[in-house]
Amino acid sequence: MTQLPTDTRRDIRDLRTEDLEAALHQLGHPAYRARQIEDWLWRKGVHHFEEMTNLPKDLRAQLYEIFTLRPARLDVLQKSADGTIKLRLRLHDDHLIESVIIPVFEDHRYTVCVSTQAGCSLSCTFCATGKLPMKRNLTAGEIIDQVKLANQICQAEYDHPLTNIVYMGMGEPFLNYRQVMRSLHWLTDQRGFSFAPRRITVSTVGLPKMIRRFADEPYRAKLAVSLHAPDDAKRSKIMPINQHNNIRSLLEALDYYYRRTRKEVSFEYIAFSGFNLGEDDAKRLIKICRRFPSKVNIIEYNPIDGAPFQRASESELQQFAIYLLKNGVRVTVRKSRGRDIDAACGQLANKDQTLTA
Ligand code: SF4
């Protein structure tokens, strides 16, 4: 059997069903084989054609000649004293990405936070990933590899499957829209990972055009928006994307999202000491939250090297949260997890930059 050089073969997971059926037709095989192959790829998650044992041998050999499978592989695993597990994965082209498993034992909640891009182009000032150069978008297969690997590790470590998935790792999901939607399809489809859409959250910096597009999708995953500051001047300082996509346009897109989906929106709000926790900030945030059903997740900051921010004190954070609560805002406070293992997004991949440069 002649094997083509690896880089000329296409990853079979990049093919849509109809393309796979067309390829099979050309090879002289019936269309139903596409369903069998997809079952191996997305439900069973195999990484070798030889494992597709209900396919004829000649078809497996043909697939191997024409296509490839390039899964993301575990490179480093770090476990925190609080149970948080950080995974660094190596892609076939040596780029590094991260996923984090966050267990909340008392609630039996086991969440994986997945990356959607290797690096990020948005340069938020508080984020370690923002300091990495943007390398490339991940494929749907690479996004799902993170979930499958995390699920195996969660089972092995905690004897429990994952219960939640958040698209909140490296990269901006809506800048890799097509692959993110494709991954949502295979994660939630009965022929794939069969994960409940209501247990999946896509977190975005808030690109108005893409929020509208997402509102029109059939996938009923939840939406979270990284707000982090309630006015344009402050938000633009920490999130350069706000200079061209201001809060007003963001809120108009969220109005549309709510009208279309009737689903509440979560606002992510990192607590930066002395920056976004004043009374004026709280008042602006309350006004935003009254526009449509929403809640605010206040997140303790995990400081990174070179960022001009400090973690807010307990009293600063509590005062802000209580003010919001008293004014009818639904608030949760998320403690920073995995401080002992560089658990802030991008910190671990940043440690080995030379490998990705
Ligand atoms: S916070 Fe998200 S969007 Fe901003 S730089 Fe980091 S990964 Fe990119």
Side-chain angles (χ1 to χ4, degrees), residues 86-89 91 95-100 102 111-138 142-143 146 165-177 179-180 183 201-211 214 222-230 232 234-247 249-250 253 265-272 275-276 296-309 311 334 336-338 342-353 356:
K86 182 136 192 174
L87 311 174
R88 186 171 78 181
L89 288 87
L91 307 179
H95 296 320
L96 299 170
I97 55 164
E98 297 173 358
S99 321
V100 187
I102 307 152
T111 303
V112 65
C113 174
V114 296
S115 296
T116 53
Q117 298 181 304
C120 185
S121 56
L122 297 186
S123 305
C124 302
T125 54
F126 50 84
C127 171
T129 302
K131 302 196 182 312
L132 289 167
M134 169 60 185
K135 295 297 185 181
R136 69 169 172 84
N137 284 333
L138 302 191
E142 288 165 337
I143 295 169
Q146 297 172 65
I165 301 169
V166 293
Y167 285 68
M168 212 179 274
M170 299 169 72
E172 163 54 43
F174 285 169
L175 289 181
N176 183 14
Y177 192 82
Q179 295 299 324
V180 165
S183 68
T201 302
V202 178
S203 174
T204 173
V205 291
L207 306 166
K209 204 170 111 190
M210 307 314 283
I211 287 173
F214 186 59
K222 293 183 188 167
L223 180 68
V225 174
S226 300
L227 191 64
H228 305 323
D232 283 324
K234 278 189 184 174
R235 195 165 189 260
S236 294
K237 244 187 209 168
I238 55 174
M239 300 173 73
I241 188 74
N242 193 73
Q243 288 160 16
H244 306 289
N245 298 271
N246 63 19
I247 292 180
S249 63
L250 167 63
V265 173
S266 299
F267 289 113
E268 307 292 321
Y269 200 91
I270 301 179
F272 298 114
F275 178 73
N276 60 352
V296 175
N297 293 321
I298 301 177
I299 306 166
E300 221 181 18
Y301 184 46
N302 227 342
I304 58 158
D305 291 345
F309 295 106
R311 176 179 298 131
R334 266 199 258 135
S336 145
R337 302 287 303 263
D342 303 317
C345 158
Q347 280 185 322
L348 191 56
N350 232 338
K351 275 202 163 163
D352 214 348
Q353 267 252 56
T356 59

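Both counts, for ligands and for their atoms, begin at 1 and track the order of listing. As a basis for the values below, the full set of heavy atoms in this structure was taken, side chains included, without hydrogen atoms, waters or symmetry mates. All residue numbers in this chain count up from 1 along the given sequence. All values reported here derive from a predicted model rather than from experimental measurement.
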Between Cys127 and atom 6 (Fe) of ligand 1, is there a contact where an N/O/S atom of the residue lies under 2.8 Å from the metal?
yes

Taking everything shown except Lys234 itself, do over 12 heavy atoms lie less than 6.0 Å from its NZ?
yes

Are the side chain of Tyr269 and the backbone N or O of Asn276 linked by a donor-acceptor pair below 3.5 Å?
yes

Run the numbers for me: atoms of ligand 1, each under 4.0 Å from some heavy atom of Val205, listed by number.
3 (S)

Any idea which heavy atoms bring Ala229 and Ile247 closest together, and the distance?
O-CD1, 3.8 Å

Could you list the atoms of ligand 1 found under 4.0 angstrom from a heavy atom of Gly130?
5 (S)

Whether Tyr177 and Phe174 hold their rings parallel, tilted or perpendicular, with breakpoints at 30° and 60°
tilted

Confirm or rule out an N/O/S atom of Cys124, from backbone or side chain, lying less than 2.8 Å from atom 4 (Fe) of ligand 1.
yes

